[in-house]
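Here the structure comes first, spelled out in structure tokens, and everything after it is commentary.
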Amino acid sequence: MSLHFSVLASSSSGNAFYIGTNNTKLLVDAGLSGKRIESLLQEVDVSPHDLGGILVTHEHSDHIKGLGIMARRYQIPIYANAKTWQAMENAIGKIPTDQKFEFEIETVKSFSGLDIESFGVSHDALEPMFYVFHYEGKKVAMLTDTGYVSERMKKTIENADALLFETNHDVGMLQMGKYPWNVKRRILSDLGHVSNDDAALAMMDVIGDQTKKIYLGHLSQDNNMVDLAQMSVEQKLKENGFPVGEALQLESTSPVKPTPILHL
């Protein structure tokens, strides 16, 4: 029996994450078209008919674009907190009442032995939250879409076996880039996104003996590059004695290609 997952897509243009056990298969966010999500699931040999739920982090379109379509097409229950339901209801279309469930912030829900812990983040959505998955001693954590990483967040995600962590932008690229100043200010704010360098600093506080893989996620397609994110994080971690490339692996994510299923 294993906990297994794939980062189906992660970028500023669309996000979806698959996680499952022998008994439960779940999607976190559905920020691409229904057709694209179906294709990504097929690439990792998961049928959407087998999904037992979709967990929602927040109402931004790169996290809910295909949510209504997937839920209606496959009769999949949706789990989100009350404020997120309020914020996204018009965008996702009508969902049957028996598919609508509340999963409040700072709570735990269990799905056939898979315990899922929700926690709040700092982002410009109504009540954004992310998730930590616990199964038979294994732990997988997700943290993107936050302007900074608080001590409380660090405590929640620390010593995960595998971690999806935001490396949204390179500060220099963002400052010199084409975005208008108000957008740059939003991204750099405490309600925006974590940079490569800030991500590396936060990782140092959460990497533990169990931590084997960190997936670098939610990269901006305008203000970051895969190689730059990888190099920036790897350099900082190695400088501080972390065994990157040995016991600890950094993995890239993509807006178009899922990561291979990892079994823990």
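Just so you know, residue 1 is the first one in the sequence shown, and it goes up from there.
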Contact between [X] and [Y] at the side-chain level, heavy atoms closer than 4.5 Å - yes or no?
{"X": "E102", "Y": "W85", "value": "yes"}
{"X": "T156", "Y": "M153", "value": "no"}
{"X": "M88", "Y": "H60", "value": "no"}
{"X": "E59", "Y": "N90", "value": "no"}
{"X": "I78", "Y": "F101", "value": "no"}
{"X": "V132", "Y": "M142", "value": "no"}
{"X": "M173", "Y": "L228", "value": "yes"}
{"X": "V149", "Y": "L143", "value": "yes"}

[atom1] of [X] to [atom2] of [Y]: how many Å apart, nearest 0.5 Å?
{"X": "D198", "Y": "L188", "atom1": "CG", "atom2": "CG", "answer": "9.5 Å"}
{"X": "S12", "Y": "L219", "atom1": "OG", "atom2": "CG", "answer": "8.0 Å"}
{"X": "I76", "Y": "I54", "atom1": "CD1", "atom2": "CD1", "answer": "4.0 Å"}
{"X": "L250", "Y": "L237", "atom1": "CG", "atom2": "CG", "answer": "6.0 Å"}
{"X": "L27", "Y": "L8", "atom1": "CG", "atom2": "CG", "answer": "6.5 Å"}
{"X": "D170", "Y": "N223", "atom1": "CG", "atom2": "CG", "answer": "8.5 Å"}

Are the side chain of [X] and the backbone of [Y] linked by a donor-acceptor contact shorter than 3.5 Å?
{"X": "H134", "Y": "K139", "answer": "no"}
{"X": "R72", "Y": "K94", "answer": "yes"}
{"X": "S6", "Y": "T259", "answer": "yes"}
{"X": "T24", "Y": "T21", "answer": "no"}
{"X": "Q249", "Y": "V244", "answer": "no"}
{"X": "N159", "Y": "Q210", "answer": "yes"}
{"X": "N224", "Y": "T167", "answer": "yes"}

Between [X] and [Y], is any side-chain donor less than 3.5 angstrom from a side-chain acceptor?
{"X": "E38", "Y": "Y74", "result": "yes"}
{"X": "N81", "Y": "E104", "result": "no"}
{"X": "S39", "Y": "R36", "result": "yes"}
{"X": "T57", "Y": "D29", "result": "yes"}
{"X": "E127", "Y": "H58", "result": "no"}
{"X": "H169", "Y": "N196", "result": "no"}
{"X": "E166", "Y": "T146", "result": "no"}
{"X": "S110", "Y": "D115", "result": "yes"}
{"X": "S252", "Y": "Q230", "result": "yes"}

Applying side chain to side chain contact (heavy atoms under 4.5 Å, CB included) to E239 and E234, what does each step give before you reach the verdict? CA-CA 8 Å; E239 284 172 357; E234 182 173 332; over 6 Å; no
Between H4 and H263, how do the two ring planes meet: parallel, tilted or perpendicular, split at 30° and 60°?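 Geometry flag for H263 against H4: tilted rings.
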Parallel, tilted or perpendicular: which one describes the rings of F130 and H63, with boundaries at 30° and 60°?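 The arrangement is perpendicular - the two ring planes meet at more than 60°.
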Please determine whether the number of non-hydrogen atoms from other residues, nucleotides or ligands lying under 6.0 Å from atom [atom1] of [X] exceeds 12.
{"X": "Q42", "atom1": "CD", "value": "no"}
{"X": "K100", "atom1": "NZ", "value": "yes"}
{"X": "K83", "atom1": "NZ", "value": "no"}
{"X": "D98", "atom1": "CG", "value": "yes"}

Check against side chain to side chain contact (heavy atoms under 4.5 Å, CB included), I116 and F111: CA-CA 8 Å; I116 305 173; F111 295 78; 3.5 Å; yes
Going only through I, L, V, M, F, W and Y residues with side-chain contacts under 4.5 Å, is there a path from [X] to [Y]?
{"X": "L264", "Y": "I261", "value": "no"}
{"X": "V56", "Y": "V7", "value": "no"}
{"X": "L41", "Y": "L32", "value": "yes"}
{"X": "L51", "Y": "I95", "value": "yes"}
{"X": "Y148", "Y": "V121", "value": "no"}

State which residue, out of Y18, Y135, Y131, F17, fulfils the ring pair (Phe, Tyr, Trp, His ring centres under 6.0 Å) condition with F5.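 Single ring pair (Phe, Tyr, Trp, His ring centres under 6.0 Å) partner of F5 among Y18, Y135, Y131, F17: F17.
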Closest heavy-atom contact between [X] and [Y]?
{"X": "Q221", "Y": "P255", "value": "NE2-CG, 3.8 Å"}
{"X": "M204", "Y": "K236", "value": "CE-O, 3.6 Å"}
{"X": "N15", "Y": "S10", "value": "OD1-CA, 3.3 Å"}
{"X": "M70", "Y": "G34", "value": "SD-O, 3.8 Å"}
{"X": "S195", "Y": "V171", "value": "CB-CG2, 3.8 Å"}
{"X": "I105", "Y": "P128", "value": "CD1-O, 3.8 Å"}

Going through the checks in order, is the side chain to side chain contact (heavy atoms under 4.5 Å, CB included) test met by K257 and E43? CA-CA 9 Å; K257 187 170 178 55; E43 286 190 54; 4.0 Å; yes
Output yes when E158 and K154 qualify as a salt bridge under the 4.0 Å nitrogen-oxygen rule, no when they do not.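 No, no charged N to carboxylate O under 4.0 Å.
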Cationic N near anionic O, under 4.0 Å, K212 to E251: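 Result for this pair is no, no salt bridge flagged.
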Step-by-step side chain to side chain contact (heavy atoms under 4.5 Å, CB included) determination, F119 to I157: CA-CA 9 Å; F119 64 98; I157 67 174; 3.7 Å; yes
Output every pair passing salt bridge (charged side-chain N to carboxylate O under 4.0 Å, His left out) with a member in residues 220-230, not counting sequence neighbours, ordered by first then second residue.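 Pairs touching residues 220-230 that pass the test: K178-D222.
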Under the 6.0 Å and 45° cation-pi test, does K109 pair with F103?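 Yes, a cation-pi geometry holds between K109 and F103.
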